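First the proteins, then the strands, lettered A, B, ... as listed; each starts at 1. The shown structure was predicted, so the numbers you read here are calculated from the model rather than taken from an experiment.
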Protein chains: 2
Amino acid sequence: MARNVEFDEALAIQKAMEVFWKKGYNATSLRDLTDAMQINSSSLYNTIGDKQELFVRCVQHYTNIRKKDWDLRLASERSPLAVLTDYIHEAVNIIINGEDSCMAVKSAFEVATNDERVKQILAADDQRSNRFLYDLIQKAMDKGEIKNDEDPALLADYFNSTWTGWYESYILHKDPVKIKRMAAYFIKQLTK
Amino acid sequence: MARNVEFDEALAIQKAMEVFWKKGYNATSLRDLTDAMQINSSSLYNTIGDKQELFVRCVQHYTNIRKKDWDLRLASERSPLAVLTDYIHEAVNIIINGEDSCMAVKSAFEVATNDERVKQILAADDQRSNRFLYDLIQKAMDKGEIKNDEDPALLADYFNSTWTGWYESYILHKDPVKIKRMAAYFIKQLTK
DNA sequence: CTCATTCTGAAACATTTGTTTCAGAATTAA
DNA sequence: TTAATTCTGAAACAAATGTTTCAGAATGAG
């Protein structure tokens with residue numbers, strides 16, 4: 001037959017994702033992308049497609065990574081509450097030390113309103129995040145690690161939406177203490 | 001001397017703000033703006049300045065409106081808790097019925113990371129929002145309307161960052177019940 | 001090796017972008 | 001009215017945008 005694709009598509013998607021993550025969809029040009037991916041635009045259009053398609057693939061990639069992380073944590077042998085508090089502390093560290101906000105959050109506000117496919121991917125991702133919290137809360141309640149006088153689904157919903165505001169706060173104020181105090185209050189609410 | 005500016009600048013800013021609000025900064029073109037403002041680009045550049053400057057003015061305008069609303073509510077004769085719960089219910093209605101998410105939130109994620117002036121304006125706005133909540137919580141505690149076993153500043157921080165996630169949730173799931181249930185839990189936490 | 005097929009690189013594409021130019025219309029103070 | 005000044009409209013600007021084209025290099029099957 002004929003020759004195969006020369007570049008590593010997975011790596012190229014990873015590189016493109018990093019650019020989209022940092023600059024956002026609309027502020028990223030095709031040149032920015034092909035520079036980072038180290039491929040020619042003709043190769044891009046031959047294999048992946050146009051800018052929108054590439055973005056969809058990048059968001060997919062981003063949410064896949066998150067999914068793997070949640071699955072790994074859920075499979076842990078440790079106590080549900082410990083897994084949950086660890087997760088929260090690591091989330092705080094990512095907010096405080098990360099170079100950019102969560103790509104899912106940024107994309108929800110910039111792109112999801114106009115692109116149905118992106119919205120679907122992010123909605124599914126949010127649902128998994130929700131489910132992750134729900135499972136941990138439920139298990140922690142069963143084990144008596146936290147009080148069970150509240151609907152775990154409601155708590156999962158509520159806590160799941162809480163992170164987003166922490167990102168915004170850190171963008172505006174760059175105050176690590178603020179985030180840490182909110183996280184501490186968050187955990188205290190669960191356990192007390 | 002010479003002739004005066006023909007167009008109503010305040011109205012033009014309002015119109016520009018609506019476009020930026022809906023489409024975001026980067027997805028809005030100068031043509032989009034001049035069409036909505038009904039002025040020629042030469043007039044725009046002569047009076048207000050370039051696209052960035054116009055955006056700054058629009059964000060300013062947006063946050064000014066919010067400030068007025070908070071001041072009005074704080075001046076109310078009603079009980080602090082009633083003012084607070086009313087505010088929350090109205091916020092929920094805006095999320096559920098509004099055509100777009102909060103412009104301050106959208107701009108924080110899309111622009112504030114790259115534009116120092118926008119960041120400053122939004123940080124100041126966030127501080128006022130915080131202060132608004134703090135004052136109400138403090139007053140409600142003094143009046144014994146809510147329990148006072150928690151630092152009001154922490155509560156204000158925490159609650160202030162909570163809204164943002166509700167917007168994201170509504171973009172992704174368009175589920176009014178979800179938002180209402182979170183708001184109810186929110187109020188319950190305060191009062192119980 | 002041959003040859004059909006597929007990929008790549010560089011250039012070109014038409015649009016759209018944000019911004020500027022400038023002649024002429026409009027205005028105001030004298 | 002005059003004259004100095006400032007605004008407006010239409011057109012033009014270079015640069016950047018997303019996308020396509022195509023000749024030739026690379027590849028794998030026979």
Side-chain angles (χ1 to χ4, degrees), chain A residues 1-60 107 110-118, chain B residues 1-60 107 110-118:
Chain A
M1 283 295 196
R3 73 195 275 204
N4 294 325
V5 179
E6 208 172 66
F7 69 96
D8 181 346
E9 193 168 309
L11 185 67
I13 294 283
Q14 169 73 28
K15 290 292 178 191
M17 184 196 76
E18 288 167 13
V19 181
F20 274 136
W21 188 351
K22 179 175 186 154
K23 311 187 78 168
Y25 178 79
N26 287 293
T28 301
S29 75
L30 249 291
R31 265 75 172 178
D32 292 335
L33 293 165
T34 50
D35 283 357
M37 298 167 85
Q38 302 221 63
I39 61 170
N40 192 276
S41 58
S42 74
S43 297
L44 173 60
Y45 277 82
N46 270 340
T47 53
I48 295 166
D50 63 10
K51 192 187 173 188
Q52 282 206 62
E53 185 67 41
L54 175 59
F55 187 73
V56 167
R57 297 279 291 276
C58 288
V59 175
Q60 270 287 14
S107 303
E110 196 199 344
V111 188
T113 25
N114 303 314
D115 187 317
E116 187 62 29
R117 292 165 71 201
V118 170
Chain B
M1 284 293 198
R3 74 196 273 205
N4 295 325
V5 179
E6 208 171 66
F7 68 96
D8 181 345
E9 193 168 310
L11 185 67
I13 294 283
Q14 168 74 28
K15 289 290 178 193
M17 184 196 75
E18 288 167 13
V19 181
F20 275 135
W21 188 352
K22 179 174 185 157
K23 310 188 80 169
Y25 178 79
N26 287 293
T28 301
S29 75
L30 249 291
R31 265 75 172 177
D32 291 335
L33 293 165
T34 50
D35 284 356
M37 299 165 85
Q38 304 221 62
I39 61 170
N40 192 275
S41 57
S42 73
S43 298
L44 173 60
Y45 278 81
N46 270 340
T47 51
I48 295 167
D50 63 10
K51 191 187 173 188
Q52 282 206 60
E53 184 67 39
L54 176 59
F55 187 73
V56 167
R57 298 279 290 275
C58 289
V59 175
Q60 269 289 13
S107 304
E110 196 199 345
V111 187
T113 24
N114 303 314
D115 188 317
E116 187 61 30
R117 293 164 70 199
V118 171

Grab the [atom1]-[atom2] distance between [X] and [N] for me, whole Å please.
X        : N       : atom1 : atom2 : result
Glu53(B) : dG18(C) : CD    : P     : 16 Å
Leu44(B) : dG9(D)  : CG    : P     : 13 Å
Gln38(A) : dT8(C)  : CD    : P     : 14 Å
Asp8(B)  : dT8(D)  : CG    : P     : 12 Å

Nearest heavy-atom neighbours spanning [X] and [Y]:
X        : Y         : answer
Ala27(A) : Asp32(A)  : O-OD2, 3.9 Å
Met17(A) : Cys58(A)  : N-SG, 3.5 Å
Val56(B) : Val118(B) : CG2-CG2, 4.1 Å

Sequence neighbours excluded, every pair satisfying side-chain hydrogen bond (donor to acceptor under 3.5 Å, both in side chains) that has a member inside residues 43-54 of chain B:
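Pairs touching residues 43-54 of chain B that pass the test: Glu53(B)-Arg117(B).
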
In Å and rounded to the nearest 0.5 Å, what is the CG to CG distance from Asn26(B) to Asn114(B)?
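Those atoms lie 8.0 Å apart.
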
Quick check against the 3.5 Å criterion: does Glu110(A) have a side-chain atom that pairs as donor or acceptor with the backbone of Gly24(B)?
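Flag not set: sc Glu110(A) to bb Gly24(B) has no pair under 3.5 Å.
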
One character per nucleotide, please: for nucleotides 11-21 of chain D, 5' to 3', B when the base has a protein heavy atom closer than 4.0 Å, S when only the sugar-phosphate does, - otherwise.
-B----BBBBB

